[in-house]
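Predicted model, so just to flag it, every value in this text is computed and none were measured. Computed over heavy atoms, backbone and side chain alike; hydrogens, waters and symmetry mates excluded.
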Amino acid sequence: MVGIEGRYIWMKRGRAKENGITFQVDASMDLALQELAKRILPLCENYIIINLYVESRSHFKHGLVNHAFAAALRAILQDYHAMVAQLEHQFRLGRLSLQGLWFFCQPMMGAMQALTVVVQKASMNNLSGSAILNLLQSQAAAMAGDNAARSLLEKLTQHACAPYLGILERWVYEGVIDDPYWEFFIAENKTLQKESLTQDYNAKYWQQRYSLKPGIPSFLTNAAEAILTTGKYLNVLRECGHHVQVPFAENAKLTNSGQNRPYLECINIAYNFASAELLNLITQKYDLNSRLRSMKHYFLLDQGDFLVHFMDIARDELIKKPATISVEKLQIPVMRTLPVVWREHHCQLNWMSLKKWVIAYQTYTLQQIL
């Protein structure tokens, strides 16, 4: 039951099955005993397949998610070893028959078979990172009729998610990608540097420095854009010299506990905090409103109603050549179009500036016609 050959049953490695392992039973055994032994052999086969996967994926080079998944499987195999040790003890006391062994093995058959399906798919496709998490969740959903197997797969999903959610925590709480094995669904393009913004204001730094990768975990699909934006906001704050960290980060660890999904609430809170901090930085420290008012004044948007009304009334005078325009004749249209409040606060009008503006307007109109 733990991969050690016996007197009447031995292992044969070949290509008859995908896992390359078959069992042979001594033909001299009683047929009834042979049939009963063959019922137990699938459990032995499942143990060997799972154990081989654990041994091959326990190294960090396969990624943090695979390492955590293998550690969770190893804990399950330890329980299996304990059961085998207890059965062997009962056998040595003469209290266990083959029928009794079959009785005690039946409860684990379904769970071990479910785990074998998962590890075989993971091994055949060399899955890692979010692909492992998606596989575990899809298999758990497929085992809806087997509560024990479904609960086991959900528990494994939580263990495998732990390092992935750790990477996610640093991103949404600090704006840092700590992904040594390229498992996270957000990619960082380190070739793009913020210094390029001084040469080209339309540089692709903010759009392409961080981007989504294929293979987003299914439980984070709906929140992927919010997660990406949250980390970007925190990066903007850090690049501007404003070091900030989500204040509740130490008490709000991201966990995946089945249907409750508490991590989504933490992500939304982090997103709201980061956006509020960035907005406060732009509006307070860098005085965005004053800059917008300056642009509005530069492009004459704050006096748009006055200019449109003035040009309509003074059209006949404005179409003349600049040398023949009478500034005095423009006074009446100007005073008619100026709002009362504006006239009260700006009673002194620089007519030379007005004439220069008229000349510039005519030049622009002539360029449009030509």
Side-chain angles (χ1 to χ4, degrees), residues 50-79 115 118-119 121-123 125-141 151-188 190 210-224 226-228 230-231 234-235 245-246 248-271:
I50 296 171
N51 188 60
L52 289 175
Y53 180 86
V54 169
E55 295 299 328
S56 64
R57 294 297 191 276
S58 294
H59 305 287
F60 280 112
K61 66 179 182 180
H62 295 289
L64 298 176
V65 174
N66 258 325
H67 188 266
F69 179 45
L73 288 174
R74 189 185 297 275
I76 294 174
L77 292 183
Q78 288 177 354
D79 294 338
L115 294 180
V118 172
V119 299
K121 289 183 178 180
S123 298
N125 300 297
N126 196 25
L127 301 181
S128 63
S130 58
I132 288 288
L133 303 181
N134 289 336
L135 174 62
L136 285 169
Q137 286 205 318
S138 63
Q139 289 299 123
S151 299
L152 180 61
L153 291 175
E154 289 178 350
K155 182 179 179 181
L156 287 173
T157 304
Q158 293 179 24
H159 286 285
C161 276
Y164 198 90
L165 292 179
I167 300 173
L168 179 60
E169 273 186 20
R170 291 211 64 189
W171 174 249
V172 297
Y173 290 162
E174 303 176 36
V176 176
I177 293 182
D178 185 12
D179 184 20
Y181 301 101
W182 203 249
E183 296 175 283
F184 198 41
F185 65 91
I186 295 178
E188 179 181 6
K190 296 184 178 181
Y210 299 100
S211 58
L212 295 176
K213 295 193 305 186
I216 301 174
S218 57
F219 61 93
L220 293 175
T221 301
N222 295 333
I227 293 171
L228 174 64
T230 301
L234 295 175
N235 268 277
Q245 184 177 2
V246 179
F248 54 84
E250 295 182 358
N251 300 322
K253 297 295 182 181
L254 299 183
T255 57
N256 182 10
S257 55
Q259 300 297 326
N260 296 329
R261 298 186 176 183
Y263 54 88
L264 292 180
E265 182 179 356
C266 295
I267 291 171
N268 289 331
I269 295 175
Y271 172 78

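Judged by distance alone, the side chain of Glu183 and the main-chain N or O of Val65 form a donor-acceptor pair under 3.5 Å.
Note on ring orientation: taking the six-membered ring where Trp is involved, the planes of Trp171 and Phe184 are perpendicular (angle over 60°, cut-offs 30° and 60°).
Rounding to the nearest 0.5 angstrom, the gap separating the CD1 atom in Ile227 from the CD1 atom in Ile186 is 6.5 Å. The line from CD1 of Ile267 to OG1 of Thr230 is 8.0 Å long, rounded to the nearest 0.5 Å. Once rounded to the nearest 0.5 Å, the distance linking CZ of Arg170 with CG of Leu168 reads 12.5 Å. Residue Cys266 holds its SG atom at 8.5 Å from CD of Glu169, rounded to the nearest 0.5 Å. Taken from CZ in Phe185 to CD1 in Ile167, the straight-line distance is 10.5 Å, to the nearest 0.5 Å. To the nearest 0.5 angstrom, Ile177 atom CD1 is 9.0 Å from Lys190 atom NZ.
The two residues Ala226 and Tyr271 make their nearest non-hydrogen contact at O-CD1, 3.8 Å. The shortest non-hydrogen separation linking Ile216 to Ala224 is CD1-CB, 3.9 Å. Among all heavy-atom pairs drawn from Phe69 and Ala160, the shortest one is CB-CB, 4.2 Å. Heavy atoms only, all atoms of each residue included: Arg57 and Ser123 are closest at NH2-CA, 3.9 Å. For the pair Ser58 and His67, the tightest heavy-atom approach, listed with the atom from each and the gap, is O-CD2, 3.0 Å.
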Identify each donor-acceptor pair in which a side-chain atom of residues 125-133 lies under 3.5 Å from a protein atom, sequence neighbours left out, and give them as a table.
unit_1 : atom_1 : unit_2 : atom_2 : d
Asn125 : ND2    : Lys121 : O      : 2.9
Ser130 : OG     : Gly215 : O      : 2.4

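Residues Asn222 and Leu264 form no side-chain contact, since every pair of their non-hydrogen atoms from C-beta on lies 4.5 Å or further apart. Using a 4.5 Å heavy-atom threshold, the side chains of Pro180 and Phe60 count as separate. Considering only heavy atoms from C-beta on, Asn134 comes within 4.5 Å of Pro217 through its side chain. Residues Leu115 and Leu153 form a side-chain contact, since some pair of their non-hydrogen atoms from C-beta on lies under 4.5 Å apart. When side chains are defined from C-beta on, Val54 does not count as touching Val119, because their heavy atoms never get closer than 4.5 Å. Side-chain contact check for Asn66 versus Tyr181: every heavy-atom pair is 4.5 Å or farther apart. Residues Leu156 and Ile76 are in side-chain contact: their nearest non-hydrogen atoms beyond the backbone lie under 4.5 Å apart.
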Under the side-chain contact (heavy atoms from CB on, under 4.5 Å) rule, what do Leu228 and Tyr210 come out as? Steps first, then yes or no, please. CA-CA 8 Å; Leu228 174 64; Tyr210 299 100; 4.1 Å; yes
Determine whether Arg74 and Glu55 satisfy the following criterion, salt bridge (charged side-chain N to carboxylate O under 4.0 Å, His left out), listing intermediate values before the conclusion. CA-CA 9 Å; Arg74 189 185 297 275; Glu55 295 299 328; 3.6 Å; yes
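Here the rule is ring-ring contact (aromatic ring centres under 6.0 Å, His included) with Tyr263, and of Tyr173, Tyr164, Phe219 only Phe219 fits it.
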